[in-house]
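Worksheet for the structure shown next.
Indexing begins at 1, ligand by ligand and atom by atom, following the structure's order. Numbering starts at 1 and runs along the sequence shown.
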Amino acid sequence: MTVFNGKGVYGAIALGKISVFKRREAKVKRVHVEDTQAELKRLEEAKQRSVEQLQQIYDKALREVGEANAQIFEIHIMMIDDDDYNDSIQSIIETQSVNAEYAVAVTADNFAEMFASMEDAYMQARSADVKDISNRIIGNLSDAGADEETDNEKVIICADDLAPSETVLLDKDRVLAFVTAFGSSNSHTAILARNMNIPAVIGAGEEFLNAIKDGTFAAVDGYTGEIFIEPDEQTVERLEKKRCEDEDKKRLLQELKGKENVTLDGKRINIFANIGGVDHIGAVLASDAGGIGLFRSEFLYLESSDYPTEEQQFAAYKKVLESMAGKKVIIRTLDIGADKQVDYFGLAKEDNPALGFRAIRICLTRPEIFKTQLRALYRASAFGNLGIMFPMITSVSELEKIKAVCEEVKSSLKQEGIPFSDSVELGIMIETPAAAVISDRLAPMVDFFSVGTNDLTQYTLACDRQNAAIEPFVDTHHEAILRLIEMSAKNAHANGAWIGICGELAADTTLTETFLRMGIDELSVSPTFVLKVRDAVRKTDLSK
Ligand code: PEP
Ligand code: MG
């Protein structure tokens with residue numbers, strides 16, 4: 001048995017086989033070949049396999065996310081058959097007597113560059129698609145003959161690190177737990193693991209990568225951050241017991257369903273849930289949350305290989321609003337940038353992306369993207385109780401510009417005779433120290449604040465939330481953060497606005513009493529933590 005220690009980011013236990021995460025970005029070598037005909041045959045087989053896989057992905061996407069979102073995989077299938085693309089690969093193999101992997105990679109680079117240089121945003125986005133299909137073909141050339149993992153056994157996914165875009169694309173039905181060698185506990189990958197209700201450990205260290213092999217039995221303790229490779233019998237028994245106790249505790253919490261979020265002395269608070277996509281709605285409904293306090297809409301963009309259209313977004317937002325049947329749903333406009341990178345946005349590489357071109361800064365610079373999202377949101381507002389929230393606010397002037405765009409979008413919808421609700425609440429994230437400090441100026445302009453403690457902590461303590469090495473310096477209970485929250489709460493209430501917290505700190509039950517005393521009106525947490533926070537609220541007595 002070998003034991004590794006990382007940081008547990010979602011407390012739960014998992015036992016099962018390891019699956020090493022395979023990235024489809026193959027490093028391709030140029031190899032001279034004598035038999036170019038054999039190379040062309042290998043290429044044909046790899047293309048055939050790629051088409052079959054894409055067909056399966058298309059069918060799954062069609063079932064799970066609908067036709068509009070599945071369509072991209074149909075386009076990928078057509079791209080694999082494109083004459084120009086295929087002529088280029090064939091001619092490189094034949095004229096240069098090289099391996100098919102190399103010919104595909106060179107063609108992919110040439111075509112991607114050509115698409116990227118086009119004026120039209122739609123054609124520019126094809127650049128990421130051609131890379132995607134080419135990586136798939138190269139992957140299939142490399143594992144020629146190897147079977148795709150077809151069995152449905154759940155596995156422990158082990159990786160160096162996982163980008164949020166990689167995490168959302170994992171087949172959730174097959175994931176028992178995540179373990180990454182690097183990464184930090186406030187990263188979006190960690191947040192996703194919590195939302196998905198699966199044990200996760202990050203920062204297991206570089207040596208962990210050398211110790212893992214596909215199919216090896218392992219156990220993950222998401223509470224302590226321990227990973228046991230080939231655990232001995234005693235460890236398996238101990239962890240099985242812990243898993244059963246854990247399940248018992250979770251079952252006990254289920255008894256709180258339907259009960260109120262009220263303290264012993266009668267103070268009430270809303271407990272809402274955070275989601276990253278339409279497919280998390282089931283978990284929200286099961287959690288008995290009073291609403292959705294944060295829908296991270298950027299995941300719609302991360303899951304897609306092109307800008308989601310107004311129709312696609314409208315369908316997703318409408319579905320969430322309808323499923324919540326009149327309960328409050330707060331959808332945050334896209335927060336792309338920093339660790340959430342999307343190829344087709346074509347963002348330039350930055351030295352300090354967390355301090356760079358991110359979230360509302362992208363929306364205000366590229367209003368066509370912003371307006372498309374706002375149109376979809378306002379249209380969907382006719383189907384439920386919508387609040388729209390804007391991320392990364394630092395100034396009054398940003399908010400003035402945002403409100404002007406909202407007015408423009410509403411008046412064009414009105415002109416077109418498209419219905420929308422006239423009671424959509426508008427709010428902002430308080431996730432920069434600047435926003436908290438000028439919260440007295442911002443509060444009169446909005447209906448609500450929602451404190452994003454993940455970023456507020458990063459920016460207040462000057463600690464990169466992606467950097468695991470800096471975690472010892474991150475005091476999530478730092479007085480500066482708590483004072484900024486308290487100041488924002490006072491300023492919100494003095495101006496008739498309400499205030500919630502939607503960062504990970506909202507689920508920290510050692511702070512529930514503090515937040516209640518500050519007058520926080522809503523705590524929005526991963527669906528898995530709703531009942532835990534309800535339990536903490538019901539045990540609090542503010543009269544003492
Ligand atoms: C936050 O910063 O606390 C937040 C909720 O937003 P995100 O984690 O998506 O940056
Ligand atoms: Mg944030």
Side-chain angles (χ1 to χ4, degrees), residues 9-10 163-165 167-168 183-196 200 202 271-277 280 289 291-303 329-342 353-363 387-394 398 427-436 448-467 474 476-478 480-482 484-485 488 499-508 511 515 520 522-527 529 533:
V9 293
Y10 177 65
S165 56
T167 315
V168 287
S184 68
S185 54
N186 249 349
S187 66
H188 286 94
T189 299
I191 291 171
L192 269 177
R194 279 179 213 121
N195 276 352
M196 288 154 66
I202 49 110
I271 303 179
F272 287 2
N274 295 345
I275 61 167
H280 294 164
I292 290 176
L294 167 64
F295 176 176
R296 289 182 164 94
S297 71
E298 58 274 11
F299 283 100
L300 287 178
Y301 295 74
L302 284 166
E303 282 164 350
V329 174
I330 296 173
I331 303 183
R332 177 174 77 183
T333 57
L334 73 90
D335 186 8
I336 290 296
D339 61 325
K340 288 176 281 195
Q341 291 292 336
V342 183
L355 303 179
F357 205 51
R358 175 181 172 186
I360 204 67
R361 298 171 184 178
I362 297 179
C363 289
I388 305 178
M389 168 158 84
F390 304 98
M392 280 293 287
I393 299 300
T394 58
E398 281 164 353
I428 55 167
M429 301 273 301
I430 299 286
E431 54 183 347
T432 65
F448 67 92
F449 285 160
S450 186
V451 184
T453 51
N454 308 333
D455 279 314
L456 188 61
T457 305
Q458 138 163 288
Y459 296 127
T460 306
L461 304 185
C463 286
D464 179 358
R465 67 193 269 195
Q466 292 301 113
N467 185 347
V474 181
T476 53
H477 293 199
H478 196 294
I481 299 163
L482 297 178
L484 289 174
I485 301 176
S488 306
I499 180 165
I501 300 178
C502 65
E504 297 300 287
L505 208 59
D508 182 339
L511 286 175
F515 293 149
I520 297 296
E522 173 243 35
L523 293 169
S524 192
V525 298
S526 284
F529 294 149
V533 177

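Atom OG1 of T457 sits about 3.5 Å away from atom CD1 of I481, to the nearest 0.5 Å. I430 contributes atom CD1, which lies 8.5 Å from atom CG of L456 (distance to the nearest 0.5 angstrom). Taking CD of E398 as the reference point, atom CD1 of I393 lies at 5.0 Å (rounded to 0.5 Å). We find the SG-CD distance between C502 and E431 to be 7.5 Å, quoted to the nearest 0.5 Å. Here the CZ atom belonging to R465 is positioned 4.5 Å from the CG atom belonging to N454, to the nearest 0.5 angstrom. Interatomic distance, Y301 OH to I362 CD1, rounded to the nearest 0.5 Å: 10.5 Å.
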- How far apart are the C-alpha atoms of T453 and T476, what are their side-chain angles, what is the distance that settles it, and do they pass the side chain to side chain contact (heavy atoms under 4.5 Å, CB included) test? CA-CA 9 Å; T453 51; T476 53; over 6 Å; no

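Heavy-atom proximity to D455, at under 4.0 Å, picks out these atoms of ligand 1: 1 (C), 2 (O), 3 (O), 10 (O). Atoms of ligand 1 lying under 4.0 Å from any heavy atom of D335, numbered from 1 in the order shown and given with element: 10 (O). Against a heavy-atom cut-off of under 4.0 Å, K340 is close to the following atoms of ligand 1: 9 (O). Set against the non-hydrogen atoms of R296, the atoms of ligand 1 under 4.0 Å away are 4 (C), 5 (C), 6 (O), 7 (P), 8 (O), 9 (O). Close contacts of ligand 1 with R465, meaning ligand atoms under 4.0 Å from a residue heavy atom, involve 2 (O), 7 (P), 8 (O), 10 (O). Residue L294 has at least one heavy-atom neighbour below 4.0 Å for each of these atoms of ligand 1: 5 (C). With ligand atoms numbered from 1 in the order given, ligand 1 contributes 3 (O), 5 (C) to contacts under 4.0 Å with heavy atoms of G503. Close approach to M429 involves these atoms of ligand 1, each under 4.0 Å from a residue heavy atom: 4 (C), 5 (C), 6 (O).
Inclusion of E504 in the set of residues having an N or O under 3.5 Å from an N or O of ligand 1 is not warranted.
Under 2.8 Å from the Mg ion (ligand 2) lies an N/O/S atom of D455, whether from backbone or side chain.
The atom name of the N/O/S atom in E431 closest to the Mg ion (ligand 2) is OE1.
Using a 4.0 Å heavy-atom cutoff, R332 is listed among the residues neighbouring ligand 1. Look at R358 and you'll find a heavy atom under 4.0 Å from some atom of ligand 1. Judged by the shortest distance from any of its heavy atoms, M392 lies outside the 4.0 Å radius around the atoms of ligand 1.
Here the closest non-hydrogen pair linking A359 and M392 is CB-CG, 3.6 Å.
Residue-level proximity to ligand 1 for L456 is absent, since no heavy atom of it falls below 4.0 angstrom.
Side-chain contact check for S524 and N274: at least one donor-acceptor pair (N or O, by modelled atom type) lies under 3.5 Å. A donor-acceptor contact closer than 3.5 angstrom links the side chains of D508 and H477.
Protein heavy atom in closest approach to atom 7 (P) of ligand 1: H188 NE2, 3.2 Å.
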